[in-house]
Q: 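Here it is, the structure, as structure tokens.
What's counted below: heavy atoms across the whole structure, side chains too, no hydrogens, waters or symmetry copies.
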Amino acid sequence: MQPQPPKATNVPTPARHHAGKTLATLAFALALHHTTAALAQQATPQPQQDTPYQAAHKGGTLRLVASTSGGTLDPQINYSGKYINLFAVVYDGLTTFKKVQGPEGNSVVPDLAENLPTPQDGGLTYIFTLRQGIRFSNGQPVTTADVSASLRRIFKVGSPTAGSFYSAIVGADLCLKTPATCTLKGGVEENPAQRTITIHLVRPDTEFLQKLAFTHAVIVPANTPEHDVGNTPIPSTGPYRLTKYDPNTTLSLDRNPFFKEWSAIAQPQGYPDTIEYSFGIPDEAAVTAVENGQYDFMADVIPMDRLGELGNRYTAQTHVRPHAAMYFLPMNVNIPPFNNLKARQAVNYAVSRKAMVIFYGGPGIARPLCGMVPSSLPAATNFCFYTKGASPTAPALQWQAPDLAKARQLVQESGTAGQKVTLITANTSVDMAMGGWVRDMLQNIGYQASIRPISNTLSMTYVQNTANKVQISLTTWSADYPSPSNFLDDLLGCENFHPNSDSSINIPGFCNKQVQNLMDKAKTDTTLTPTQTEDLWRQADRLVMAQSPIAPLIERDTVVLTSARLGNFFYTTVNQLFFSQVWVR
């Protein structure tokens with residue numbers, strides 16, 4: 001089981017002192033604008049053409065570094081980008097995303113299945129044929145029984161996406177109510193003789209093949225324990241297997257001796273012989289270590305004060321790539337003060353999205369975000385309610401500036417002025433800088449605000465659990481696959497609110513029937529054109545922002561720092577740096 005989050009220490013600081021520090025940091029950040037903009041321009045070449053496997057580059061050890069580990073090794077439970085991207089070279093599902101660079105990486109291709117099935121019965125039936133000859137890393141052959149058991153296990157172990165991604169499967173409703181007795185009877189049928197797995201849905205799901213390509217639907221042996229395996233590796237099908245794990249220090253992967261490439265675009269054979277993750281190296285020290293070649297890649301966000309030197313001295317080692325991701329402030333709509341609409345709207349008006357852009361690294365790698373859908377996705381947000389001179393009834397086209405006077409007025413009208421508010425944030429450099437600014441802003445508009453930093457490993461699960469009574473938090477989110485549903489439905493869908501659970505990704509506890517109906521129609525109506533579907537998502541986006549359960553802050557690109565010896569930088573739109581395809585020999 002994952003360790004429970006410790007009770008973090010509250011760290012109140014006089015607003016006057018902290019505001020001065022924040023302003024000084026902001027002034028320094030402004031000086032970095034020209035270097036980060038140059039960095040983004042210089043370090044983003046046109047996507048290179050993928051080349052056939054080159055055996056001469058096979059071998060060596062890829063060395064990764066992070067300040068903390070990423071939690072459980074259970075691929076059907078872990079929801080951290082740090083490990084999901086790593087699991088992509090370890091596990092496989094029936095489908096996957098194409099392992100190529102550029103926009104084609106958004107395409108779904110067959111993985112353990114031979115072909116992508118054409119939906120039958122009006123989109124309610126999918127028949128997959130399992131490939132022959134594939135074995136797990138323990139030598140055990142992959143069978144249809146493993147597929148059926150893995151789909152049931154999603155519900156038995158309480159996967160964070162069980163409700164949002166897989167609830168359309170027949171029998172899923174009973175599995176969500178009583179996971180221990182989950183059978184998916186009538187929903188999943190196997191025919192071992194024909195090697196087929198038939199999945200029946202209760203309603204069409206236009207994104208079902210994408211959801212099966214996500215990590216939580218990977219295929220594991222049928223005898224895998226029906227609980228979180230914690231630090232114990234599960235046998236895998238990909239080119240690598242997990243071999244050793246100490247969450248305090250190290251995670252090691254080596255080659256899967258039973259792997260034979262069946263599809264180069266689904267799961268290509270890997271170059272490094274070994275992949276090693278080292279934990280416990282703070283982000284500042286990690287930057288220096290990667291610059292010096294002690295490690296090949298750092299997982300943490302690069303601190304703002306190091307971006308200037310990267311733009312000036314390490315441009316060849318620094319890569320800026322697009323990725324649908326955002327920073328945002330989820331506000332708990334079920335407890336004071338943010339159970340009051342005007343209080344939530346006040347935060348949206350008061351936050352300086354320009355300051356948040358600067359704290360992340362500047363306009364070369366981040367942009368203000370007024371709604372729930374980043375610009376790289378279909379149905380991207382095209383309005384701004386909460387900026388100076390705008391409102392939900394008279395939106396602007398883009399964010400201009402905060403409106404503190406309007407925010408203070410709304411706090412007074414809400415009757416929540418003077419209440420104590422604690423902001424929860426991860427303890428990384430970037431998050432703490434942003435959090436300090438937000439804490440000062442909350443004080444400025446009328447609250448007694450403090451900040452509580454929590455370990456980066458534990459912060460996301462901590463803010464999800466209603467038992468911790470989190471009022472407001474600063475966190476980040478990125479797309480599991482390229483769809484607005486990943487931001488609107490995942491983060492605010494009624495089915496994703498699970499009180500007293502570490503896997504409640506609807507952090508605000510928001511549920512609105514009108515919004516949910518729009519999202520459900522966008523996901524299930526197979527008669528709609530892409531334009532009509534996008535219109536439904538935009539309607540949902542506007543209704544959500546009128547209710548303000550979240551204050552979107554910025555959309556961000558990914559800045560990847562690698563060692564000078566790392567070759568064949570291979571970045572996919574879904575899994576980012578794809579570890580099996582880089583050269584370290």
Q: Hey, mind stepping through D557 and R367 against salt bridge (charged side-chain N to carboxylate O under 4.0 Å, His left out) and telling me if it holds?
A: CA-CA 9 Å; D557 294 332; R367 295 156 296 281; 3.1 Å; yes

Q: Testing the basics here: between H216 and T161, what is the closest heavy-atom pair and its distance to 0.1 Å?
A: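 Shortest heavy-atom contact: ND1-OG1, 2.7 Å.
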
Q: Filter on side chain to side chain donor-acceptor pair (under 3.5 Å), then keep only pairs touching residues 426-436, sequence neighbours left out; what's left?
A: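 Qualifying pairs, neighbours excluded: D283-S429, Y327-D431, T428-D431.
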
Q: Going through the distances and angles, do T558 and Q576 end up as a side chain to side chain donor-acceptor pair (under 3.5 Å)?
A: CA-CA 8 Å; T558 296; Q576 302 185 69; 3.0 Å; yes

Q: Rounded to the nearest 0.5 Å, how far does CG of L397 lie from OG1 of T387?
A: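 Result: 11.0 Å between the selected atoms.
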
Q: The test is side chain to side chain donor-acceptor pair (under 3.5 Å); show your working for D502 and N465 and say whether it passes.
A: CA-CA 5 Å; D502 284 352; N465 197 321; 2.9 Å; yes

Q: Test side chain to side chain donor-acceptor pair (under 3.5 Å) on D520 and Q516; report intermediate values, then the result.
A: CA-CA 6 Å; D520 288 345; Q516 192 65 54; 3.0 Å; yes

Q: Which residue in the set T215, T461, T72, D480 passes side-chain hydrogen bond (donor to acceptor under 3.5 Å, both in side chains) when paired with Y79?
A: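 So, applying the side-chain hydrogen bond (donor to acceptor under 3.5 Å, both in side chains) to Y79 and each of T215, T461, T72, D480, only D480 qualifies.
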
Q: Looking only at side chains, do S503 and H498 share a donor and an acceptor under 3.5 Å apart?
A: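 Checked: S503/H498 side chains show no N/O donor-acceptor pair below 3.5 Å.
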
Q: Could you state the interatomic distance from CD1 (I365) to CE (M304), rounded to the nearest 0.5 Å?
A: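 Reported to 0.5 Å precision, the distance equals 10.5 Å.
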
Q: Kindly compute the distance separating CG (L377) from CH2 (W537), expressed to the nearest 0.5 Å.
A: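 Here the rounded value is 11.0 Å.
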
Q: In Å and rounded to the nearest 0.5 Å, what is the CG to CZ distance from N468 to R452?
A: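 Taking CG in N468 and CZ in R452, the distance rounds to 9.0 Å.
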
Q: So, are E291 and R306 salt-bridged, with charged N and O less than 4.0 Å apart?
A: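 Salt bridge flag = yes for R306 with E291.
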
Q: For residues A407 and I445, report the shortest heavy-atom separation together with the two atoms involved.
A: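 Heavy atoms only, the tightest pair is CB-CG2, 3.9 Å.
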
Q: I need the minimum non-hydrogen distance between I550 and N348, along with the two atoms involved.
A: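 So the minimum-distance heavy-atom pair works out to O-ND2, 3.2 Å.
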
Q: Would you say the ring centroid of F297 lies under 6.0 angstrom from that of Y295?
A: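 So the answer is no for these two rings.
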
Q: What is the distance from atom OG of S504 to atom CG of N506, rounded to the nearest 0.5 Å?
A: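 The CG atom of N506 is 6.0 Å from OG of S504, to the nearest 0.5 Å.
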
Q: Before accepting this row, confirm whether a basic side-chain N of the pair D205/K211 lies closer than 4.0 Å to the acidic partner's carboxylate O.
A: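 Salt bridge: yes.
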
Q: So S80 and N78, side chain to side chain donor-acceptor pair (under 3.5 Å) or not? Walk me through it.
A: CA-CA 6 Å; S80 70; N78 194 296; 2.7 Å; yes

Q: Sort and list the pairs that fulfil salt bridge (charged side-chain N to carboxylate O under 4.0 Å, His left out) and have at least one residue in residues 334-348, not counting sequence neighbours.
A: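 Those involving residues 334-348 are K342-E413.
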
Q: Looking at Y481, is its backbone amide N or carbonyl O close enough to the side chain of N486 to form a donor-acceptor pair, meaning the two atoms are under 3.5 Å apart?
A: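 At least one qualifying donor-acceptor pair exists.
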
Q: Between CE of M460 and OG of S455, what distance do you get to the nearest 0.5 Å?
A: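 Answer rounded to 0.5 Å: 14.0 Å.
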
Q: Is the count of non-hydrogen atoms from other residues, nucleotides or ligands lying under 6.0 Å from Q532 atom CD greater than 12?
A: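 Yes, the 6.0 Å shell around CD holds more than 12 heavy atoms from other groups.
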
Q: Determine whether a donor-acceptor pair (N or O, by modelled atom type, separation under 3.5 Å) exists between the side chain of N106 and the backbone of P482.
A: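 No.
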
Q: Test L474 against every option in R439, M432, M434 by the side chain to side chain contact (heavy atoms under 4.5 Å, CB included) rule and name the one that passes.
A: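 The residue from R439, M432, M434 that satisfies side chain to side chain contact (heavy atoms under 4.5 Å, CB included) with L474 turns out to be M434.
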
Q: Do the side chains of K523 and D489 get close enough for a salt bridge, i.e. N-O under 4.0 angstrom?
A: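 Answer for the salt bridge query: yes.
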
